[in-house]
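Sequence lines set the chain letters: A, B, ... in the order given, protein chains first and strands last, and positions in each chain run from 1.
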Protein chains: 2
Amino acid sequence: MNKKIKLEDVAELAGVSKATVSRVINRRGYLSQKTIEKVEAAMAELNYHPNVIAQQLHTQRTNVIGIIVPTVATPFFGELTAELEQRLFKRGYKVLVSGALNNPGKERQYLQQLLGRQVDGLIIATHNADLPEYQHANLPIVAIDRFLRADIPVVASDNYAGATAACEALIARGARHIIHTDDLSPLNAQDTARQRAYEAVMQAHGWPAYTYPSLLDPVQTRASFQRIFTEHPEVDAIFASNDLDAATLLDLAVEIGYAVPTQLQIIGYDGTQTTQRLLPQLATVVQPLSEMAAQAVELLEAKLQQRATPTEVVLPVQVKFGRTLRPLPTKKALPKQK
Amino acid sequence: MNKKIKLEDVAELAGVSKATVSRVINRRGYLSQKTIEKVEAAMAELNYHPNVIAQQLHTQRTNVIGIIVPTVATPFFGELTAELEQRLFKRGYKVLVSGALNNPGKERQYLQQLLGRQVDGLIIATHNADLPEYQHANLPIVAIDRFLRADIPVVASDNYAGATAACEALIARGARHIIHTDDLSPLNAQDTARQRAYEAVMQAHGWPAYTYPSLLDPVQTRASFQRIFTEHPEVDAIFASNDLDAATLLDLAVEIGYAVPTQLQIIGYDGTQTTQRLLPQLATVVQPLSEMAAQAVELLEAKLQQRATPTEVVLPVQVKFGRTLRPLPTKKALPKQK
DNA sequence: TTGAAAGCGCTAACAC
DNA sequence: GTGTTAGCGCTTTCAA
């Protein structure tokens, strides 16, 4: 590695002052054409790149946004992160990404550092319990799908409506014994809207509601789901709170011998691009990932510019009717209600 | 937002000098217990967080590593990024992530800035053409799956062996008309090992080789693949260079009426966790994602510490035999070779 | 149109 | 044990 080239070296080679070089870099103030050329030649010759850190120290801005998600390895958060990154880049920001899955210690350590003005703002798509850091943080934050603090805006899709629509799609197609799977960890406390909706629908019909836990480890999750079929062989439909679980259930059901969708209907949740490519037959509730990212970035910009923001933005979801759902019975084929 | 609290404010409140506060923060040098307590109380009261940028300017290190991937929205690169991030975090680094898919301009702009010592090193899992920035970059870089420059180590899995194994798995199960799909874009020039292996295997058998392009847009890709079945109705096996394409082909084949695996066998490539969860029946070549990440981080650390590194690390892959492959014929069931 | 010098917030000699 | 001071590399008044 060469010695680090700095502004001063360029100034010296070009035979001008540091201030002039700085002006050339930033195209600020009056410059003679000749000076510009001299300086640029010197910069090129030395392969000079301004020290971003020094610039940042002066401007007190980093143009970096921190993103905290559970993990970028999962279709939903991977795609969300990609959308955020792309949109933020267009506005001149880079992103510092952290996966905090199941690791409050890491999230905390991470936050501690970011709070030292290493980032201009934060987009949080998860939160491990109630880290005190979030309460004291005094930099612009936007949360996705989770409530963090009264003055931190939340961008979410309409989980309650989506779950309701999913359950009703099943029921409209003849399902009577619907079981739900969801992430029940306490860390997920805010995210019970889907479960609440499921229970409300079941209750409205006077049917019992059963929720089976989705766990962090896929193998354990599969084992948990296996119990559905032994404990409730009468099950004729499953509403899974995410597509990965829905896929596991589909595989499990087929393995056990359920015919899908004739004997067992399945609907998932999220509807990412990846799922739609890998498992196009899966019915699911599609979250407006791209819109959510757009809104989050928009709100963050507003905060960065000290503009007022709504406390909450809720975006509509859409049911995708796939082959894991039966066809809707036609009117005349409908059995008379007793 | 409060006024920004700095070291000086803490020093003042605690009635000590800036140096002392700095010592307390960094636990360096001799400190009396009383002083430590005073200073920590002051820091807590002011909710002080050291300005990371100022620290960085002084230490000339950022403890940030830049990661450039095509996009984090895809299972392979999403999982790779997650692995990298996790491992780097354990070593005290944060990651600045950029998706450069199909956008040399963005990658270039991004690089330009990172070169300004905003990151201590770079892990490149893609490269758009031959950006001159890579040739002049003088910071530690490790490449994944792509050759960048003679002195930049490459971590890769054994693409040639993996593709060969995939084709041979098909042939061992009776396939005779194997078609290949791959990303043929010039940007992908380095990555033809899989195609070369496919062609070599076909040639060894005296069979014609056909490669169909996988495109950036899933819809166009599907259209491209559709032609396989009209132009080569005799096809009895497909080797797809990635699992997303394999899934599309599977869906397409079933839609058209091919029975899988009896009439048509399919094998993909990558074998990510996501694929294995969403489409467990898919046969595929599993890349050692986690090992690749580990090696990349290891090599980068070596470079950061000016230690010598190998120019190339090639990791073995593993074929996962799924239900999109026929069972292997037993010895005695094997037809006699003429 | 350009240069000199102060300062961004922190760390690390070097004194005391 | 603790304070003083000189930078880290850049930007930006303020002069010239």
**Prompt:** What pair of heavy atoms forms the shortest contact from Asn51(B) to Arg117(A), and how long is it?
**Reply:** ND2-NH1, 4.2 Å
**Message:** Over all strands shown, is Ile53(A) touching base, sugar-phosphate only, or nothing at heavy-atom distances under 4.0 angstrom?
**Reply:** nothing
**Prompt:** Contact class for Leu7(B) vs. all strands (heavy atom < 4.0 Å): base, sugar-phosphate, or nothing?
**Reply:** base
**Item:** Whole angstrom value for the distance that separates C1' of dG9(C) from CG of Leu115(A)
**Value:** 17 Å
**Prompt:** With respect to the phosphate group of dT11(C), does any side-chain polar atom (N or O) of Thr59(B) fall under 4.0 Å of OP1 or OP2?
**Reply:** no
**Request:** Kindly determine whether Tyr48(B) and Asp9(B) satisfy side chain to side chain contact (heavy atoms under 4.5 Å, CB included), including the steps that lead there.
**Result:** CA-CA 9 Å; Tyr48(B) 169 73; Asp9(B) 302 318; over 6 Å; no
**Prompt:** Roughly how many Å is it from NZ in Lys34(A) to C1' in dT2(C), rounded to a whole number?
**Reply:** 13 Å
**Prompt:** Among dT2(D), dC10(C), dT2(C), which is the nearest nucleotide to the side chain of Lys6(B)?
**Reply:** dC10(C)
**Item:** Short side-chain N/O contact from Asn51(B) to OP1 or OP2 of dC8(C), under 4.0 Å
**Value:** no
**Heavy-atom pair of closest approach, residues Pro140(A) and Asp120(A)** = CD-O, 3.3 Å
**Prompt:** Within the structure shown, what part of the strands sits under 4.0 Å from Gln60(A) by heavy-atom distance: base, sugar-phosphate, or nothing?
**Reply:** sugar-phosphate
**Prompt:** Taking the side chain of Tyr30(A) as its heavy atoms from C-beta onward, which of dT11(D), dG9(D), dT1(C) lies nearest to it?
**Reply:** dT1(C)
**Distance in Å, Ile36(A) CD1 paired with Thr20(A) OG1, rounded so as to fall on 0.5 Å steps** = 11.0 Å
**Prompt:** Which of these nucleotides, dT12(D), dG3(D), dT2(C), is closest to any side-chain atom of Ser22(A)?
**Reply:** dT12(D)
**Request:** Round to a whole Å and report the spacing from CZ of Arg27(B) to C1' of dG1(D).
**Result:** 15 Å
Check: protein-nucleotides 13-16 of chain D nitrogen or oxygen pairs below 3.5 Å:
none

**Prompt:** Quick one: do Arg87(B) and Glu291(B) make a salt bridge, cutoff under 4.0 Å?
**Reply:** no
**Prompt:** Do Thr71(B) side-chain atoms and Ala73(B) backbone N/O form a donor-acceptor pair below 3.5 Å?
**Reply:** yes
**Prompt:** Rounding to a whole Å, what distance do you find between Glu8(A):CD and dA4(C):C1'?
**Reply:** 13 Å
**Asked** Is the NZ or CZ atom of Lys94(B) both under 6.0 Å from the centre of the six-membered ring of Phe89(B) and within 45° of that ring's axis?
**Response** no
**Prompt:** Does a side-chain N or O from Thr20(A) land closer than 4.0 Å to OP1 or OP2 of dG3(C), or not?
**Reply:** yes
**Prompt:** With a non-hydrogen cut-off below 4.0 angstrom, is Val21(B) in contact with a base, only sugar-phosphate, or nothing?
**Reply:** nothing
**Asked** Between Ile25(B) (CD1) and dA12(C) (C1'), how many Å, whole number?
**Response** 14 Å
**Message:** Using whole Å, what does the distance between atom C1' of nucleotide dG9(C) and atom CZ of Arg117(A) come to?
**Reply:** 9 Å
**Request:** Respond yes when some side-chain nitrogen or oxygen of Gln55(B) is under 4.0 Å from OP1 or OP2 of dT11(C), and no when none is.
**Result:** yes
**Request:** For dG9(D), take OP1 and OP2 only and decide whether either is under 4.0 Å from a side-chain N or O of Tyr48(A).
**Result:** no
**Item:** Donor-acceptor contact present, side-chain Asn26(B) to main-chain Ser22(B), <3.5 Å
**Value:** yes
**Item:** Spacing of His49(B) atom NE2 relative to dC10(C) atom P, expressed in whole Å
**Value:** 12 Å
**Message:** Output the rounded distance in Å from CD (Glu12(B)) to P (dG3(D)).
**Reply:** 13 Å
**Request:** Measure from the side chain of Lys18(B), starting at C-beta and using heavy atoms only, and say which of dT1(C), dG3(C), dT11(C) lies closest.
**Result:** dT11(C)
**Asked** Does Leu31(B) offer a backbone N or O that forms a donor-acceptor pair with the side chain of Thr35(B) under 3.5 Å?
**Response** no
**Message:** Using the side-chain heavy atoms of Thr35(A), tell me which of these nucleotides is nearest: dC8(C), dC10(C), dT1(C).
**Reply:** dT1(C)
**Axis bend over the full length of the helix from dT1(C)-dA16(D) to dC16(C)-dG1(D), computed from five pairs that close each end, to 10 degrees** = 40°
**Prompt:** Between Arg28(B) and Leu57(B), which has a closest nucleotide on DNA chain C that is more 5'?
**Reply:** Leu57(B)
**Request:** Indicate yes or no: does Arg91(A) engage Glu85(A) in a salt bridge with an N to O separation below 4.0 Å.
**Result:** no
**Asked** Once you round to the nearest 0.5 Å, how far does CG of Leu122(B) lie from CD1 of Ile141(B)?
**Response** 5.0 Å
